[in-house]
Structure formats: structure tokens, C-alpha cells
Amino acid sequence: MKKLKRHMLIYSLLLLVSIILAACGSTNEETKKEETTTSASTTRLYKDYLGHEVEIPVDPERVVYHGEGYGDLLALNIKTVGAGFSWITNYAWEDRVKDVEDVGFPINVEKTLSLKPDLIIIGTSDDKTYSQLSKIAPTIVFDTFAPLNQRLTELGDILNKKEEATQWMDAYTEKADKMWESLVADDIIKPDETASVLTYYPGDRLFVMARAGLSQVLYDSNVLKPGDKIQKILDDGTGFAEISTELLPEYAGDRIFILTPVDDEAKQSTKEMMESPIWKNLPAVKNGHVYTIDIEKSDSDASTREWLLSQLPTMLKK
């Protein structure tokens, strides 16, 4: 009998130990699963503009952005640790980026590394640059010439700001529609007038803008339209095209917007064009429908667009 009791006691103890060990094992397993789930949830797979599949942070905190359209990030209240200042200096929103570090142009890899980014967004498709930067942090190539709605939607996705992107676009669209409707209602402009945006680059090179900068703002209005020649450039998906002054009559719209260059040589070319007989005989010139604006304040980024809504009515009413 004593032996039986002893065996039963030993069996009970062994059973208790096995239960405790099983419980511990289960707890450890659950803990591991929770840790794995938590770890996995901090990153996700993203496919960029050029097809790179990149593991990016779900909620990036130290972003370096290098390319046109920095004002898109400001519209989403994103503060980056670094940016290319060649796309920031003298812009309408320059005072909002005082604490951002300049990573240069072309982008300085060492400077970028020193900022310890957890995400890099670039506007260049250069393979060498991409390869160097992707060794520092997850790197995405972004289409900075895409339409505003597409850019903001994608940035909202990348930077965990989807709701902010939607809210901003809705508010901006409503404000812009009201502005253009008001200009038509007040007979400042007529529906279906054409417009063109011109600028000079150094080397006496004249460009007509199509998918870039101020032209995007004008053509998105559904009031001011591109002429046939500019529409062809748009259809080709090109940001701008170089033309000769002899072709001005074919590209000049009912309204002409001149982007004042930064370079002195380009400024001189602009002056000479505006003194030429070809220029003076353009209908828009004869009707006083020519407007000038600094090229650095004529971008199509979200923040500049918002600023332009307050500037365009004043320009067009002159």
C-alpha cells in the first residue's frame, strides 16, 4: 500500500511539473509570436515608381527627400531631416524649412548617411545613386512630375498620412474651383481660353512648359486650356519642350505667363524676346494678357499651389 501511495505521489508530481512546463512553453511561444507580430508590423513592402520592392517603415520618422515638389510634404505636415535645397531656396514656403539639413545637389551620400534616415525618397532614376543610397536606408524612387492628386495620394501612403492627403486635396480642389468660377463669373477670363507658360534657360534656350510647374496649375483649372501644340507635349507625357522664337505664334496662348529666370543670361534672353517683332505681334501681347512670375515661385507642389490661389486672381485682374 505504501508503495502504491509513493508511486501515486511521484506520478502526481511529474504530472504537475509537466503541466507547468507546458504552460511555460505555451507562454514563451505566445510571447515569441507577439514579438514577431510587433516586429513585422513596423515595416511593410512597398513597390516604387521604377518597380523596386522595398521594405519601408510603416511610420517613418527620419526622412530625407531629394527632388522637386518638396512643398507636397509640407502640405501633409511632414518635417524631413534632409532635403535638396536647390528645390527649396526662394520658394514661397522657404521659411518653413529652416531646420532641414541640405543634402546638396547631386545628393551628398556622406551627408545623407550622417542624418541617419529611416527612409530616403528621391526623384532621380540614376542607378548608381539609388544603389549608394539604398545601402544607407530603404530608398524609394518617386515620380515628382506626376499629377498633384497622384503625388499626394502616394506620399500619403508612403508616409502614413493617407487621411491628411485626402483632406488636403478635397479642401484645395474646392478652393481652386471657387477661384476659377469667380474669375469666369466676373468676366475676368472666358471659359476655354488658352494659356501658355514660357521660360528661358542659359544658352538662349526657350522652353514651353507642359507637365511641370505653373502649367499644371493652369490646365487643371478646366478653364484655361493648352493649345494644340502644347496638348501634344502633354499627350507625350513630357514636362516641357524647347522651341525657337520663330515658333512662338504656334505655341502662344490667349494668356502668356513668363517665368522669370534666376540666371542673368537667361534674363537677358527673355528681355530680347520681349523686344522682338514676333513677340510684339502676338495677340496676347497686344491684349495685355502677359504675366510674369519668378520661376522659383511657380512650381506645382501642393504648398506653392495653395499660395498661387491667392496670387493668380490679382495677376489676371491687371
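When reading the values below, keep in mind they use all heavy atoms of this one structure, side chains included, and skip hydrogens, waters and symmetry mates.
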A.B. asks: Which heavy-atom pair separates Asp102 from Phe85 by the least distance, and what is that distance?
C.D. replies: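 Of all heavy-atom pairs spanning Asp102 and Phe85, the closest is OD1-N, 3.2 Å.
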
A.B. asks: Walk me through it: do Ile120 and Ile140 pass the test side chain to side chain contact (heavy atoms under 4.5 Å, CB included)?
C.D. replies: CA-CA 6 Å; Ile120 302 170; Ile140 290 173; over 6 Å; no

A.B. asks: For the CD atom of Glu101 and the CG atom of Asp99, what is their distance to the nearest 0.5 Å?
C.D. replies: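 Separation between the atoms: 9.0 Å.
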
A.B. asks: Hey, are the side chains of Val100 and Tyr70 touching, using non-hydrogen atoms and a 4.5 Å cut-off?
C.D. replies: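 Val100 reaches Tyr70 side chain to side chain.
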
A.B. asks: In a check of side chain to side chain donor-acceptor pair (under 3.5 Å) between Arg151 and each of Thr144, Asp72, Asp301, Asp143, which one passes?
C.D. replies: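 Filter result, single survivor: Asp72.
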
A.B. asks: Check this for me: Glu163, atom CD, are more than 12 non-hydrogen atoms of other residues, nucleotides or ligands nearer than 6.0 Å?
C.D. replies: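 Incorrect, the count does not exceed 12.
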
A.B. asks: Taking Leu113's backbone N and O only, do any of them form a donor-acceptor pair with Lys116's side chain (distance below 3.5 Å, no angle check)?
C.D. replies: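 Not at all, since once roles are kept as given, no pair shorter than 3.5 Å links the two residues.
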
A.B. asks: Would you find more than 12 non-hydrogen atoms of other residues, nucleotides or ligands less than 6.0 Å from Glu61 atom CD?
C.D. replies: no

A.B. asks: If you define the side chain from C-beta out and look only at heavy atoms, does anything of Val81 sit under 4.5 Å from Val63?
C.D. replies: no

A.B. asks: So, do Leu234 and Pro226 sit near enough that their side-chain heavy atoms are less than 4.5 Å apart?
C.D. replies: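 Yes. Closest side-chain heavy atoms under 4.5 Å.
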
A.B. asks: Is there a side-chain contact between Pro106 and Thr129, using heavy atoms and a 4.5 Å cut-off?
C.D. replies: no

A.B. asks: Evaluate Tyr201 against Asp263 for side chain to side chain contact (heavy atoms under 4.5 Å, CB included), listing each step before the verdict.
C.D. replies: CA-CA 8 Å; Tyr201 274 57; Asp263 183 85; over 6 Å; no

A.B. asks: Evaluate the side-chain proximity of Leu183 to Lys317: yes if any heavy-atom separation is below 4.5 Å, no if none is.
C.D. replies: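 Yes, close enough: below the 4.5 Å cut-off.
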
A.B. asks: Return the CG to CG distance between Leu259 and Leu198, rounded to the nearest 0.5 Å.
C.D. replies: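 Rounded to the nearest 0.5 Å, the CG-CG separation comes out at 8.0 Å.
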
A.B. asks: When rounded to the nearest 0.5 angstrom, what is the spacing between OH in Tyr251 and OG1 in Thr245?
C.D. replies: 13.0 Å

A.B. asks: Looking at Lys232 and Asp228, does any basic side-chain N land under 4.0 Å from a carboxylate oxygen?
C.D. replies: no

A.B. asks: Nearest 0.5 Å, what's the CD1-OG distance between Ile278 and Ser244?
C.D. replies: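 Those atoms lie 8.0 Å apart.
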
A.B. asks: Any side-chain to backbone donor/acceptor pair from Ser298 onto Ile295? Under 3.5 Å, distance only.
C.D. replies: yes

A.B. asks: So does Asn149 get a backbone contact from the side chain of Thr153, meaning a donor-acceptor N/O pair under 3.5 Å?
C.D. replies: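 Between the backbone of Asn149 and the side chain of Thr153 there is a qualifying donor-acceptor contact (under 3.5 Å).
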
A.B. asks: Determine whether a donor-acceptor pair (N or O, by modelled atom type, separation under 3.5 Å) exists between the side chain of Arg255 and the backbone of Leu224.
C.D. replies: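 No; zero donor-acceptor contacts below 3.5 Å.
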
A.B. asks: State whether the number of non-hydrogen atoms from other residues, nucleotides or ligands found under 6.0 Å of Asp235 atom CG is greater than 12.
C.D. replies: yes

A.B. asks: Out of Ile233, Val197, Leu248, which one pairs with Val208 under the side-chain contact (heavy atoms from CB on, under 4.5 Å) rule?
C.D. replies: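 Between Val208 and the candidates, side-chain contact (heavy atoms from CB on, under 4.5 Å) is satisfied uniquely by Ile233.
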
A.B. asks: With a 4.5 Å cut-off on side-chain heavy atoms, are Val109 and Thr112 touching?
C.D. replies: no

A.B. asks: Any idea which heavy atoms bring Ile230 and Ser196 closest together, and the distance?
C.D. replies: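 Answer, listing the atom of Ile230 first, then Ser196: CD1-CB, 3.6 Å.
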
A.B. asks: For the OH atom of Tyr219 and the CG atom of Leu214, what is their distance to the nearest 0.5 Å?
C.D. replies: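 Separation between the atoms: 8.5 Å.
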
A.B. asks: Under the side chain to side chain contact (heavy atoms under 4.5 Å, CB included) criterion, do Met169 and Leu148 qualify, and how do the steps go?
C.D. replies: CA-CA 9 Å; Met169 276 305 308; Leu148 175 63; 3.9 Å; yes

A.B. asks: Indicate the atoms forming the closest heavy-atom contact of Lys161 with Ile78, along with that distance.
C.D. replies: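 Looking at all heavy atoms of both residues, the closest pair is CE-CD1, 3.5 Å.
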
A.B. asks: Take atom CZ of Phe240 as the centre, draw a 6.0 Å sphere, and report whether it contains more than 12 heavy atoms from other residues, nucleotides or ligands.
C.D. replies: no

A.B. asks: Evaluate the side-chain proximity of Asp157 to Tyr46: yes if any heavy-atom separation is below 4.5 Å, no if none is.
C.D. replies: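 Yes - at least one pair of side-chain heavy atoms lies under 4.5 Å apart.
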
A.B. asks: Would you find a donor on one side and an acceptor on the other, under 3.5 Å apart, between the side chain of Asp118 and the backbone of Arg62?
C.D. replies: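 Present.
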
A.B. asks: Considering non-hydrogen atoms only, spot the tightest contact between Met274 and Lys280 and give its length.
C.D. replies: O-CE, 4.1 Å

A.B. asks: Hey, is the main chain of Trp307 close enough, under 3.5 Å, to the side chain of Ser310 for a donor-acceptor pair?
C.D. replies: yes

A.B. asks: Of the non-hydrogen atoms in Leu119 and Ile158, which two are nearest, and what is the gap between them?
C.D. replies: CD2-CG2, 3.7 Å

A.B. asks: I want to know whether Tyr291 and Phe257 have ring centres closer than 6.0 Å.
C.D. replies: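 Close enough - the centres of the two rings lie under 6.0 Å apart.
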
A.B. asks: Sub-3.5 Å donor-acceptor pair from the side chain of Thr304 to the main-chain atoms of Ala302, do we have one?
C.D. replies: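 The answer is no, because no donor-acceptor pair under 3.5 Å joins these two groups.
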
A.B. asks: Check whether any side-chain N or O of Thr194 sits under 3.5 Å from a backbone N or O of Gly253 as a donor-acceptor pair, and report yes or no.
C.D. replies: no

A.B. asks: For the atom pair CG (Leu76) and CH2 (Trp168), what is the distance rounded to the nearest 0.5 Å?
C.D. replies: 9.0 Å

A.B. asks: Does a salt bridge link Asp254 with Lys190, judged by any charged N lying under 4.0 Å from a carboxylate O?
C.D. replies: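 The answer is no: the pair does not qualify as a salt bridge.
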
A.B. asks: Go through Ser269 and Leu206 one step at a time and tell me if the side chain to side chain contact (heavy atoms under 4.5 Å, CB included) criterion holds.
C.D. replies: CA-CA 8 Å; Ser269 296; Leu206 175 62; over 6 Å; no

A.B. asks: Keeping the roles fixed (side chain from Glu193, backbone from Val223), state whether a donor-acceptor pair exists under 3.5 Å.
C.D. replies: no

A.B. asks: Would you say Trp180 and Leu218 make side-chain contact, with heavy atoms under 4.5 Å?
C.D. replies: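 Yes, side chains in contact.
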
A.B. asks: Does atom NZ of Lys162 have more than 12 heavy-atom neighbours from other groups under 6.0 Å away?
C.D. replies: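 Open: at most 12 neighbouring heavy atoms sit under 6.0 Å from NZ of Lys162.
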
A.B. asks: Closest heavy-atom contact between Val103 and His66?
C.D. replies: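 In this case the closest contact between Val103 and His66 is CG2-CD2, 3.6 Å.
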
